[in-house]
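Along the sequence shown, residues carry numbers from 1. Every value quoted in this text rests on a predicted model; they were computed, and no experiment measured them.
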Amino acid sequence: MLELNAKPQPPVDVIKDGTDASFPADVIQASQDVPVIVDFWAPWCGPCKTLGPAIEAAVTKAAGRVKLVKIDVDANPAYAGQLRVQSIPTVYAFYQGRPVDGFQGALPPSEINAFVEKIANLASAPEDDGLTEALDAADLMLTEGAATDAAETFAAILQEDPANVRAYAGLVRSYLALNDIDQAEAILNGAPAEISTDPALEALHAQITLLREAADAGPISELQAQVDADPANHQARFDLAVALHANGEVEQAVNELLELFRRDRDWNEGAAKTQLFKIFDARDAKDPIVLTGRRKLSSIIFA
């Protein structure tokens, strides 16, 4: 007998409890195809008890166009730390392996529904006719070293679609490839407000900051000698990390900053952690250096 008032059930695997161990598969990998919302909560959190059922209902209503992963931060602190979750409930939305939106605290059901619908629509958003091919062509130019041609193509695309994140990011990357940091930064700062906080543009902000710091980096050999002579010389170790990163030795730079954070996490107002996040933010979220670095940093924080 059909129960008319039965509660709608989500499709299989659309809502699940996640862990730090399952996060790469449940969130990063799964979000390549379908947007994934992550709800960071804890059993003792009052607002979580309100938000949880509301967001589950909204995800169920989306009928498989978006997934929900619920993570108990008490039992699984690593990714909450990496994502700088300061309070709970905190919600992040991921698409194609990257965080794309989020909020903190309990929201009214209407706002939750609107948020979930917006995230669910990411995977079904139609591409602008002709622009995708042009963007692909410009990306190929940039990859092959034709940065000037790429810049012209990206600029032409922005004439057609002034808020195209991919074109804005491509234009900035083109000028960085031409070693014109000032122009790249000016373009980035001129991005329309509605896309200015997009993760792709935020990553370029971090990259430019690192490039400017690199201009003042000292000789690696001298800085290494200072650290070897006095491992407690925090400034020398920090400067060594900056110099290593400027020289393209990113993994070594991350390791030096992790060691500095392990020795004194509060040195220079937490400069080691801040610098680590600059490096992480400037690189792809799936970069092995980023994934390993975040995991090691979380291990130190929660040790």
Rounded to the nearest 0.5 angstrom, the CD-CG distance for Q252 and L257 is 12.0 Å
Taking C-beta and beyond as the side chain, do I37 and V69 meet within less than 4.5 Å on heavy atoms?
no
Would a single hydrophobic cluster contain both V36 and L68, if residues Ile, Leu, Val, Met, Phe, Trp and Tyr are joined by side-chain heavy-atom contacts under 4.5 Å?
no
With clusters defined by side-chain heavy atoms of hydrophobic residues (ILVMFWY) lying less than 4.5 Å apart, directly or transitively, does L210 cluster with V254?
yes
Sidechain-backbone polar pair: R294 side chain, Y79 backbone, donor-acceptor under 3.5 Å
no
Going only through I, L, V, M, F, W and Y residues with side-chain contacts under 4.5 Å, is there a path from L122 to V59?
yes
Audit row: D101, I119, side chain to side chain contact (heavy atoms under 4.5 Å, CB included) steps and yes/no
CA-CA 8 Å; D101 207 340; I119 300 305; 3.9 Å; yes
L204 CG to Y168 OH distance, which is reported to the nearest 0.5 Å
12.5 Å
CG (D281) and CG (L276) are apart, to the nearest 0.5 Å, by 10.5 Å
Does this structure show an ion pair linking D264 with K273, if we count only N-O contacts that are shorter than 4.0 Å?
no
Parallel, tilted or perpendicular: rings of F23 and F94 (30°, 60°):
perpendicular
Measure from the side-chain N and O atoms of Y175 to the backbone N and O of I187, and report whether any donor-acceptor pair falls under 3.5 Å.
no
When you look at NZ of K61, are more than 12 heavy atoms from neighbouring residues, nucleotides or ligands closer to it than 6.0 Å?
no
Check whether T292 reaches the backbone of I289 with its side chain - one donor and one acceptor, N or O, closer than 3.5 Å.
no
Ignoring hydrogens, what is the shortest heavy-atom contact between L51 and P89? Give both atom names and the distance.
CD2-CB, 3.5 Å
Has the side chain of T274 got a donor or acceptor atom that lies under 3.5 Å from a matching backbone atom of G270?
yes
Side-chain touch K286/P24, heavy atoms, less than 4.5 angstrom
no
Any Lys/Arg nitrogen of E117 or R65 sitting under 4.0 Å from an Asp/Glu carboxylate oxygen of the other?
yes
Working to the nearest 0.5 angstrom, can you tell me the gap between I15 CD1 and E56 CD?
5.0 Å
What about F238 and I279, same hydrophobic cluster or not, with Ile/Leu/Val/Met/Phe/Trp/Tyr joined at side-chain heavy-atom distances under 4.5 Å?
yes
When you compare the side chain of F154 with that of N164, does any pair of heavy atoms fall below 4.5 Å?
no
What heavy-atom pair brings Y95 and V34 nearest, and what distance separates the two atoms?
CD1-C, 4.3 Å
Sub-4.5 Å side-chain heavy-atom contact between H245 and E213:
no
Closest heavy-atom contact between D39 and G52?
OD2-CA, 4.1 Å
Pair D26-K67, side chain to side chain contact (heavy atoms under 4.5 Å, CB included): steps then yes or no
CA-CA 9 Å; D26 289 344; K67 295 183 177 182; over 6 Å; no
Would you mind reporting whether I181 and I208 have side-chain heavy atoms less than 4.5 Å apart?
yes
Between the side chains of D230 and N233, does any donor sit under 3.5 Å from an acceptor?
no
All heavy atoms of A42 vs all of V73, minimum pair found to be CB-CG2, 4.1 Å
Keeping the roles fixed (side chain from Q226, backbone from A236), state whether a donor-acceptor pair exists under 3.5 Å.
no
Should R295 and D20 count as an ion pair when the cut-off is N to O under 4.0 Å?
no
Please determine whether the number of non-hydrogen atoms from other residues, nucleotides or ligands lying under 6.0 Å from atom CD of E111 exceeds 12.
yes
Do the side chain of N247 and the main chain of E249 share a donor and acceptor less than 3.5 angstrom apart?
no
Is the CD atom of E194 crowded by more than 12 outside heavy atoms at less than 6.0 Å?
yes
If you measure from CG on L83 to OG on S298, what distance do you get to the nearest 0.5 Å?
9.0 Å
Between CG of D136 and CG of L131, what distance do you get to the nearest 0.5 Å?
11.0 Å
Any side-chain to backbone donor/acceptor pair from R265 onto I300? Under 3.5 Å, distance only.
yes
Is it possible for you to say whether V38 and F115 belong to one hydrophobic cluster, with membership spreading through side-chain heavy-atom contacts below 4.5 Å?
no
Determine whether W267 and L260 make a side-chain contact, defined as any pair of heavy atoms from C-beta on separated by less than 4.5 Å.
yes
Work out which heavy atom in N76 is nearest to a heavy atom in G18; give both atom names and the distance.
ND2-O, 3.9 Å
Any chance you could lay out the side chain to side chain contact (heavy atoms under 4.5 Å, CB included) test for L240 and I220, step after step, and finish with the verdict?
CA-CA 6 Å; L240 173 61; I220 292 176; 4.0 Å; yes
Whether the Q224 and D228 side chains hold a donor-acceptor pair (N or O, under 3.5 Å, no angle test) is what I'd like checked.
yes
Hey, mind stepping through Q82 and F280 against side chain to side chain contact (heavy atoms under 4.5 Å, CB included) and telling me if it holds?
CA-CA 10 Å; Q82 291 177 23; F280 296 158; over 6 Å; no
Are the side chains of I55 and W41 in touch, meaning some heavy atoms are under 4.5 Å apart?
no
Which atom pair, heavy atoms only, marks the closest approach of C45 to I88?
SG-O, 3.7 Å
Determine yes or no for a side-chain-to-main-chain donor-acceptor pair under 3.5 angstrom, with T90 supplying the side chain and Q104 the backbone.
no
Taking C-beta and beyond as the side chain, do S22 and K16 meet within less than 4.5 Å on heavy atoms?
no
Check this for me, if you would: do D161 and R166 make a salt bridge, where the nitrogen-to-carboxylate-oxygen distance has to be below 4.0 angstrom?
no
